[in-house]
Amino acid sequence: GYTRRDGAEARVPTGNEFVDSRSNGRNNWIGKLVYRIDEASKIGFAAEIFRNRDNFRVAPITAAQLQSPTGFRGQDETLDSNVSRDRFSISYDYNDLNSTGFLTAAKALLYYQNANVDEIRVQDFVRTGAGVDQRRLRNLSNTFSDRLFGGEVQFQSQFKIDQIPNILTY
């Protein structure tokens with residue numbers, strides 16, 4: 001499946017200078033394949049790819065009110081945030097309710113995720129007064145990365161003690 005979402009901050013047509021400019025674009029792809037080996041077992045593969053882009057700009061009238069302790073006054077400030085996430089997994093399922101052995105069901109799963117958040121923030125400040133005007137332009141860049149690999153195994157046994165059915169999952 002595929003999903004796309006786009007968004008933008010609502011603007012008032014008569015020049016509402018207090019509204020911060022913001023836009024967003026998001027794409028998400030997801031899919032799953034299952035191959036049935038026989039009546040009791042199957043193999044599955046799943047994948048998800050997610051991308052999100054968010055752009056934000058402080059309204060000029062608000063940016064002008066930003067002031068540092070050293071006398072710099074805001075001119076412009078923007079924030080671009082990009083999020084990406086990739087997930088992949090493969091699984092094996094076994095479920096035989098008619099099994100005469102001790103093991104009636106089993107599941108194994110291996111998975112991998114790679115997620116990143118990248119933020120780029122630009123601040124433009126200027127200081128006026130005695131002497132030459134000075135400008136301070138700050139480019140701030142932050143990155144968060146998370147890579148995860150894991151797995152799990154689950155077994156199930158069905159048996160009776162006297163005539164009472166029991167299910168043991170471990």
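These values consider heavy atoms only, across backbone and side chains, with no hydrogens, waters or symmetry-generated copies.
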Beyond-backbone contact of [X] with [Y], side-chain heavy atoms, under 4.5 angstrom:
X	Y	value
Thr78	Arg121	no
Glu119	Leu79	yes
Gln123	Leu140	yes

Which value, rounded to the nearest 0.5 Å, describes the distance between [X] atom [atom1] and [Y] atom [atom2]?
X	Y	atom1	atom2	answer
Gln158	Ser99	CD	OG	9.0 Å
Asp86	Tyr112	CG	OH	8.0 Å
Asp96	Gln156	CG	CD	12.0 Å
Asn27	Ser84	CG	OG	12.0 Å
Thr169	Gln154	OG1	CD	6.0 Å
Asn114	Arg85	CG	CZ	11.0 Å

- Per the side-chain contact (heavy atoms from CB on, under 4.5 Å) rule, which among Leu33, Ile37, Val34 passes with Ile43?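 Running side-chain contact (heavy atoms from CB on, under 4.5 Å) over Leu33, Ile37, Val34 with Ile43 returns exactly one hit, Ile37.
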Following the transitive rule for hydrophobic clusters with a side-chain heavy-atom cut-off under 4.5 Å over Ile, Leu, Val, Met, Phe, Trp and Tyr, establish whether [X] and [Y] coincide in one cluster.
X	Y	value
Leu168	Phe155	yes
Val153	Phe149	no
Val122	Val58	no
Leu109	Ile90	no
Ile161	Leu103	yes

- Item | Tyr92 and Ser41: CA distance, side-chain angles, deciding distance, side chain to side chain contact (heavy atoms under 4.5 Å, CB included) verdict | CA-CA 7 Å; Tyr92 173 75; Ser41 58; 3.3 Å; yes
- Message: One pair to check against side chain to side chain contact (heavy atoms under 4.5 Å, CB included): Thr104 and Asn95. What are the steps and the verdict?
- Response: CA-CA 6 Å; Thr104 55; Asn95 190 3; 5.7 Å; no
- Looking only at heavy atoms, what is the nearest atom pair of Ala47 and Phe88, with distance?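 Distance-wise, the nearest heavy atoms are CB-CD2, 3.6 Å.
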- Task: Identify the heavy atoms of Ser145 and Arg147 that sit nearest to each other, and give their distance.
- Result: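 In terms of heavy atoms, the two residues are closest at CB-NH1, 3.6 Å.
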- State whether Glu77 and Arg57 are salt-bridged, where the test is any N-O pair (Lys NZ or Arg NE/NH1/NH2 against Asp/Glu carboxylate O) under 4.0 Å.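 Looking at Arg57 together with Glu77, the answer is no, because their closest N to O distance does not fall below 4.0 Å.
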- Task: Could you tell me whether Asp93 and Arg36 have a side-chain N and a carboxylate O separated by less than 4.0 Å?
- Result: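 So Asp93 does not pair with Arg36 through a salt bridge.
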If you count the non-hydrogen atoms of other residues, nucleotides and ligands that lie under 6.0 Å from [atom1] in [X], is the total more than 12?
X	atom1	result
Ile164	CD1	no
Tyr170	OH	yes
Arg5	CZ	no

- Query: Should the ring pair Phe102 and Phe159 be called parallel, tilted or perpendicular, given that the plane angle runs from 0 to 90° and is split at 30 and 60?
  - Reply: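 Geometry flag for Phe159 against Phe102: parallel rings.
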- Can you list the steps and then say if Tyr111 with Ser91 is a side-chain hydrogen bond (donor to acceptor under 3.5 Å, both in side chains)? CA-CA 9 Å; Tyr111 54 88; Ser91 64; over 6 Å; no
- Message: Checking side-chain polar atoms at under 3.5 Å, does Arg53 have a donor or acceptor matched by the opposite partner on Asn82?
- Response: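 Result is yes, a qualifying pair exists.
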- Query: Asn24 and Asp6: side-chain donor and acceptor closer than 3.5 Å?
  - Reply: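 On atom types as modelled, these side chains do not qualify, holding no pair under 3.5 Å.
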- Message: When you measure from the side chain of Asp38 to the backbone of Ala40, do you find a donor-acceptor pair of N or O atoms at a distance under 3.5 Å?
- Response: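 Yes; at least one donor-acceptor contact below 3.5 Å.
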- Query: What do the steps show when you test Glu48 against Asn28 for side chain to side chain contact (heavy atoms under 4.5 Å, CB included), and what is the final call?
  - Reply: CA-CA 7 Å; Glu48 178 191 18; Asn28 195 31; 3.2 Å; yes
- Could you walk me through whether Asn52 and Arg26 pass side-chain hydrogen bond (donor to acceptor under 3.5 Å, both in side chains), step by step? CA-CA 4 Å; Asn52 186 64; Arg26 178 178 296 169; 3.0 Å; yes
- Query: What pairs with Tyr2 under ring pair (Phe, Tyr, Trp, His ring centres under 6.0 Å), at least two apart in sequence or on another chain?
  - Reply: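 Applying ring pair (Phe, Tyr, Trp, His ring centres under 6.0 Å) to Tyr2 gives Trp29.
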